[in-house]
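One structure below.
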There are 2 protein chains.
Amino acid sequence: MRKTKSVDRDLSPEKTAAILDGAIQEFLVKGYAATSMDRVAAAAGVSKATVYSHFQDKEALFTALIQRLACQKELFNSEKLQAIQDDPALVLRAFALEMLDKIQADPHLLTFVRLIIGESSRFPALARAFVQNVEKPSIELLTQYLASRPELRLPDPEVAARAFIGTIVHYVILKDLLHSGDLVPMERDRLLDNLLHLIIRPAS
Amino acid sequence: MRKTKSVDRDLSPEKTAAILDGAIQEFLVKGYAATSMDRVAAAAGVSKATVYSHFQDKEALFTALIQRLACQKELFNSEKLQAIQDDPALVLRAFALEMLDKIQADPHLLTFVRLIIGESSRFPALARAFVQNVEKPSIELLTQYLASRPELRLPDPEVAARAFIGTIVHYVILKDLLHSGDLVPMERDRLLDNLLHLIIRPAS
DNA sequence: GTCTATACCGCGATAGAC
DNA sequence: GTCTATCGCGGTATAGAC
């Protein structure tokens, strides 16, 4: 009776990890509907029956996988913001560059976002987990920083934070997610420089 | 020899329209992989063989459908911006409200964007068509307007336009697309008011 | 606990009647 | 030009050996 309702108890944890690792590849590349449990099993190096002994069905496997990824993907570590507290321009630039670099460095990240958005109708709980673990901390972190700098004279730090993040996210969506950077060209540094000028304005 | 390579010539155009209409429902709701040609045929009220006589295969039907939708969905008509040229604050607010209203009014629009993003890996050409027909005109229209108002003293009108649009798009993505408005709450009017203050700043 | 083998269904695409 | 009927394949999920 010590068992929880989780299916994973009393099953080899290494197989569970192998299945999840295999499932990452398949689901991220193919999407939910186009991913077959046969290919997941093959990618994990186990039989299909083993997959079904660790996870109730395809939907449960997908949900467990996305929940795990949503917890792993954190766009920002608050340490960097604490490090250079002096110049807001440097902090904001570092904030944006870290975001852009994380996307460049982790090729899974874009695919993950694509999957979250694409399946957000059929799996709204996963979309919410993504916002809770990735978007919300980013917004709150930047909001708190901006609010801690009264010399910026921002009437609403949270709106400023959303504008800053929203601008960069929209830029990434057009350029990388939708593969259309050439259709609406914009240099990264030009965007960052002038975006900073919108937030950090000269004292009036 | 007057035939083009298009499959549609010499086939009843009304059936073609019926098939496309049926396909809209199925593809938008289920996504590409989970949509079956049987259901498309049923929704269109024709047989599956008829579908295949009008479109080469599933991929061709999907591509034709998305291309058509991408041309229909225009977020903005430039007339409204011309109408109230006086006060930039009114123009920008009208711009944002029209965008938000269009999303509220057309329930297909969000689903369409979800599909475009979700399939942007497997159908990059469709993602590019979406940017070309929907995003690009919006950015260019707002950029031109902002550039035509030198009294705003914007160092880079295009970056300002992207910040404005990006902020709103990001807001809609969190609230409506990802169903997470309650996780990161923000009143619409509060966002708009303070976003305007970032663009239209008091003369320094 | 993990495997092989299989049941059962629905998929995309086509052949042939009319 | 559109239909009905069907083919062949690959899907999810499970039963039973070990």
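Not measured: the values here are computed from a predicted model. Chain letters run A, B, ... following the sequence lines, proteins first and then strands; every chain starts at 1.
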Report, as yes or no, whether the 6.0 Å neighbourhood of atom [atom1] on [X] holds more than 12 heavy atoms from other residues, nucleotides or ligands.
X     : atom1 : answer
A/Q67 : CD    : yes
B/R93 : CZ    : yes
A/Q72 : CD    : yes

Given atom [atom1] of [X] and atom [atom2] of [N], what is their separation to the nearest angstrom?
X     : N      : atom1 : atom2 : answer
B/E14 : D/dG1  : CD    : P     : 13 Å
A/M37 : C/dG10 : CE    : P     : 19 Å
B/D57 : C/dC11 : CG    : C1'   : 14 Å
B/I19 : D/dG1  : CD1   : P     : 14 Å
A/K58 : D/dT14 : NZ    : C1'   : 17 Å
A/F55 : D/dT14 : CZ    : C1'   : 18 Å
B/Q56 : C/dA13 : CD    : P     : 9 Å
A/E26 : D/dT12 : CD    : P     : 11 Å

message: Can you confirm whether A/V113 sits close enough to A/I173 that some side-chain heavy atom of one is under 4.5 Å from a side-chain heavy atom of the other?
response: no
query: Contact class for B/K15 vs. all strands (heavy atom < 4.0 Å): base, sugar-phosphate, or nothing?
result: sugar-phosphate
message: Under 4.0 Å, counting only non-hydrogen atoms across every strand here, what does A/D38 touch: a base, just sugar-phosphate, or nothing?
response: base
Check whether any side-chain nitrogen or oxygen of [X] sits under 4.0 Å from OP1 or OP2 of [N], and answer yes or no.
X     : N      : answer
B/H54 : D/dG1  : no
B/S12 : D/dG1  : no
B/T50 : D/dG1  : no
A/Y52 : D/dA13 : yes
B/S36 : C/dC11 : yes

- prompt: Between the main-chain N or O of A/I139 and the side-chain N or O of A/R162, is there a donor-acceptor pair closer than 3.5 Å?
  reply: no
statement: Residue pair B/R39/A/G45 against DNA chain C: nearer the 5' end by closest nucleotide is A/G45
- line: The residue, A/A33 or A/A49, whose nearest nucleotide of DNA chain D is more 5′ is A/A33
